[in-house]
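Note that the structure is predicted; figures quoted are calculated from it, not measured. First the proteins, then the strands, lettered A, B, ... as listed; each starts at 1.
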Amino acid sequence: MSLTHDTIYALVRRIPAGRVATYGQIAALAGFPRHARQVGYALAALHDGHTDVPWHRVVNAGGAVSRRADPGGEDYQRILLEAEGVVFDEHGCLSLSRFQWRPDQYSNSES
DNA sequence: CCACTGACGAGTG
DNA sequence: GCACTCGCCAGTG
């Protein structure tokens, strides 16, 4: 079993709009808690516009948007998230405590 | 098949 | 709060 791009994309697609997940979280959900990098590399290979993967819902552990290969992509990601209701603070980060996706949150109505 | 290439995370000083 | 180290592995040419 390996942490393939396909596995990563499948998990990213499960992130609901208005919620975000961290690279490490995706890796952990896939069963590879220390493979955060693989997640980033997988998303880097996406090339937005050619996939149905909501890559913009994936942020780093600090709740900030990571650098992309394409300059300006960071702003693009932020715009997409804000359009989904995610709010960024003055540091350019978002509140993971409020916007981080939690799979368990779905089985239990909790706000 | 080998070498190079990357959207990270947590810890230490 | 910043600079650095180590751990991690699938694509692509």
Salt bridge A:Glu84-A:Arg19, side-chain N to carboxylate O under 4.0 Å: no
Basic-acidic side-chain contact under 4.0 Å: A:Glu82, A:Arg78: yes
Quick one: [X] [atom1] to [N] [atom2], roughly how many Å, whole number?
X        : N      : atom1 : atom2 : result
A:Tyr41  : C:dC9  : OH    : C1'   : 8 Å
A:His35  : C:dG7  : NE2   : C1'   : 9 Å
A:Tyr9   : C:dA10 : OH    : P     : 13 Å
A:Met1   : C:dC9  : CE    : P     : 13 Å
A:His47  : B:dT5  : NE2   : C1'   : 12 Å
A:Gln100 : B:dG9  : CD    : P     : 11 Å
A:His5   : C:dA10 : NE2   : P     : 9 Å
A:Leu3   : B:dG6  : CG    : P     : 19 Å

As a test of reading the structure: which of [options] is closest to the side chain of [X], going by heavy atoms?
X       : options              : value
A:Leu43 : C:dA10, B:dG9, B:dA7 : B:dA7
A:Ala44 : C:dA10, B:dA7, B:dG9 : B:dA7
A:Thr4  : C:dC9, B:dG9, C:dG11 : C:dG11
A:Ala61 : B:dG9, B:dA7, C:dC9  : B:dG9

When you match A:Ala36 and A:Ala45 each to their closest nucleotide on DNA chain C, which lands nearer the 5' end? A:Ala36
Is there a donor N/O on one and an acceptor N/O on the other, under 3.5 Å, for the side chain of A:Arg37 and the base of B:dG9? no
So does A:Gln25 get a backbone contact from the side chain of A:Thr22, meaning a donor-acceptor N/O pair under 3.5 Å? yes
Once rounded to the nearest 0.5 Å, what's the spacing between atom CE of A:Met1 and atom OG1 of A:Thr7? 4.5 Å
What distance do A:Trp101 atom CH2 and A:Arg14 atom CZ have between them, rounded to the nearest 0.5 Å? 6.0 Å
For residues A:Ile15 and A:Ile26, determine if any side-chain heavy atom of one lies less than 4.5 Å from a side-chain heavy atom of the other. yes
Counting only heavy atoms not in A:Arg34 (residues, nucleotides, ligands), do more than 12 fall under 6.0 Å from its CZ? no
DNA chain C contacts among residues 77-88 of chain A, heavy-atom distance under 4.0 Å: none
Which heavy atom of A:Gly62 sits nearest a heavy atom of A:Cys93, and at what distance? O-CB, 3.9 Å
For the student: nearest non-hydrogen atoms of A:Ile8 and A:Gln38, plus distance: CD1-O, 3.5 Å
Which residues, if any, of residues 20-34 of chain A bring a heavy atom under 4.0 Å of DNA chain B? A:Tyr23, A:Gly24, A:Arg34
Quote, to the nearest angstrom, the C1' distance that separates C:dG7 from B:dG6. 15 Å
Name all residues meeting the side chain to side chain contact (heavy atoms under 4.5 Å, CB included) criterion together with A:Val20; count only those two or more places apart in sequence or in a different chain, and write none if there are none. A:Val59, A:Leu81, A:Val86, A:Leu94, A:Leu96, A:Phe99
Look at the side-chain N and O atoms of A:Ser2 and state whether any lies under 4.0 Å from the OP1 or OP2 oxygen of C:dA10. yes
